[in-house]
Amino acid sequence: MLGVLPAAAHPFGDPQTVTIALADKHSADKHSTDDGYGTHDKYGADKKHGADDKYSAGGEYGSDASSGGGAVVRVRWKVGGLDDLTLLGVGLGVLPKDRVLMDGAVIYRPSDGTAMGSSPKLTEYLLRRITVTSHGKDCPGAVQLIADLAKSGASIEYTCPSAVGAVAVTVKTLTDLNPAYKTLATGPDGARAVYGDGNDQHEWNLGTVDTKHLGRSALLQLGAVAAAVLLAAAAIIYIRRRRPQARPNAPRVVSGWWRG
């Protein structure tokens, strides 16, 4: 549990949300951007931490989604109430503890989203509390934080080693503040689920398949069809050869004349 007063959590307000979908690995957001609060790479790592920092892409808590093959699953997380964002910031040590009063009241400030959005502590937190697995293997994640975290949330891209038909997504955000927190999730084609303490993993069908397996399956099907055609042709030839040939009538001799 994060080090904040349990009474300060407000799990019965607006729920946090996540959206889950396949992402284009080569989309325009692969470039670094300056959002007005400092330059970030596409995974939200502040440049001042350096390329080798453990929170940057390719570091201990990030991965470069643009390298290698496979599919990229995008999960967008958004906090429900602004006070929950402040409370999380206090628990992570990003915001001062005096923002939570003794009676449990939380003091939110507009700058909280900026402070949280540029913090590697939030990056680490999201990658620990939101995970994706495909075919039983973990998909490394990398966070792309948006300028207005409070309004738009944070996007996390998970690179899976192969194309995916279904993925298991685990969401545990804020339940370490209070187990009563819920998360409303939306997936492709309007699919929905509710995450909560003790119900923190759901499977999502993203509508693609493993192309290698599909290729092998197609070859097997074509081979089976070709074999069936050959067997049918062989059977026809065998039957024709076994069929008794009709013998022409032998000519008969009647009164010295040949008659057929």
Side-chain angles (χ1 to χ4, degrees), residues 1-19 32-50 53-57 59-62 75-131 141-157 170-184 195-197 200:
M1 298 288 286
L2 295 178
V4 295
L5 293 173
H10 301 115
F12 305 109
D14 293 337
Q16 58 187 327
T17 60
V18 294
T19 57
S32 296
T33 59
D34 188 342
D35 55 22
Y37 302 107
T39 303
H40 298 266
D41 68 14
K42 65 176 179 175
Y43 304 117
D46 195 324
K47 295 298 185 181
K48 70 181 180 181
H49 296 293
D53 185 84
K54 66 179 179 179
Y55 299 106
S56 63
E60 180 179 347
Y61 299 111
V75 178
R76 182 177 294 277
W77 170 81
K78 185 176 181 296
V79 73
L82 297 178
D83 54 349
D84 293 331
L85 181 61
T86 300
L87 189 65
L88 178 60
V90 172
L92 293 175
V94 178
L95 302 176
K97 293 183 179 180
D98 61 8
R99 302 291 294 282
V100 180
L101 304 182
M102 293 302 297
D103 62 358
V106 178
I107 303 174
Y108 168 79
R109 294 177 181 172
S111 59
D112 290 353
T114 304
M116 289 287 285
S118 60
S119 173
K121 291 183 178 181
L122 177 64
T123 299
E124 178 190 359
Y125 178 81
L126 291 177
L127 292 176
R128 277 193 294 108
R129 306 297 290 184
I130 303 176
T131 59
V143 179
Q144 176 187 6
L145 299 182
I146 302 175
D148 193 343
L149 180 64
K151 182 179 180 180
S152 302
S155 179
I156 314 169
E157 293 184 349
T170 299
V171 178
K172 298 180 179 180
T173 47
L174 301 187
T175 55
D176 47 352
L177 296 176
N178 189 311
Y181 274 104
K182 303 294 184 183
T183 302
L184 299 185
Y195 287 87
D197 187 47
D200 52 27

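On a predicted model such as this, the values are computed, not experimentally measured, just so you know.
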query = Listed by chain and number, what are the side chain to side chain contact (heavy atoms under 4.5 Å, CB included) partners of T131, not counting sequence neighbours?
reply = T170
note = The side chain to side chain contact (heavy atoms under 4.5 Å, CB included) partners of A115 (sequence neighbours excluded) come to V94, L95
query = Would you find a donor on one side and an acceptor on the other, under 3.5 Å apart, between the side chain of N178 and the backbone of Y181?
reply = no
message = Please give me the minimum heavy-atom distance between K182 and P15, naming the atom from each residue.
response = O-CB, 3.9 Å
message = How long is the straight-line distance from CG of L184 back to CG of D14, given to the nearest 0.5 Å?
response = 9.5 Å
message = Pairing donors with acceptors under 3.5 angstrom, does anything connect the side chains of D84 and Y108?
response = no
ask   = Would V18 and T173 satisfy side-chain contact (heavy atoms from CB on, under 4.5 Å), going step by step from the backbone distance to the final call?
value = CA-CA 10 Å; V18 294; T173 47; 5.6 Å; no
request  = Mind checking side-chain hydrogen bond (donor to acceptor under 3.5 Å, both in side chains) for R129 and listing every partner two or more places apart, or none if nothing turns up?
outcome  = T175
remark   = Closest non-hydrogen atoms of A154 and L126, given as atom of the first, atom of the second and distance, are CB-CD1, 3.9 Å
task = Determine, step by step, whether M116 and L85 satisfy the side-chain contact (heavy atoms from CB on, under 4.5 Å) criterion, reporting the C-alpha distance in whole Å, the side-chain angles of both residues, the deciding distance to 0.1 Å, and the verdict.
result = CA-CA 8 Å; M116 289 287 285; L85 181 61; 4.1 Å; yes
ask   = Between L88 and V79, does a side-chain contact (heavy atoms from CB on, under 4.5 Å) hold up when you go through it step by step?
value = CA-CA 10 Å; L88 178 60; V79 73; over 6 Å; no
key: Contacts of R99 that satisfy salt bridge (charged side-chain N to carboxylate O under 4.0 Å, His left out) - sequence neighbours left out   = D112
ask   = Is there a side-chain contact (heavy atoms from CB on, under 4.5 Å) between Q144 and I156 once you walk through the steps?
value = CA-CA 6 Å; Q144 176 187 6; I156 314 169; over 6 Å; no
request  = State which residue, out of D200, T183, I130, fulfils the side-chain contact (heavy atoms from CB on, under 4.5 Å) condition with K172.
outcome  = D200
Taking every non-hydrogen atom, the tightest pair across K78 and K151 = CE-O, 2.6 Å
message = Quick check for you: to the nearest 0.5 Å, what is the distance between L174 atom CG and W77 atom CH2?
response = 6.0 Å
note = Only one of D98, V100, L101 passes side-chain contact (heavy atoms from CB on, under 4.5 Å) with I107, and that residue is L101
Distance-minimising heavy-atom pair for A150 and L82 = CB-CD2, 3.6 Å
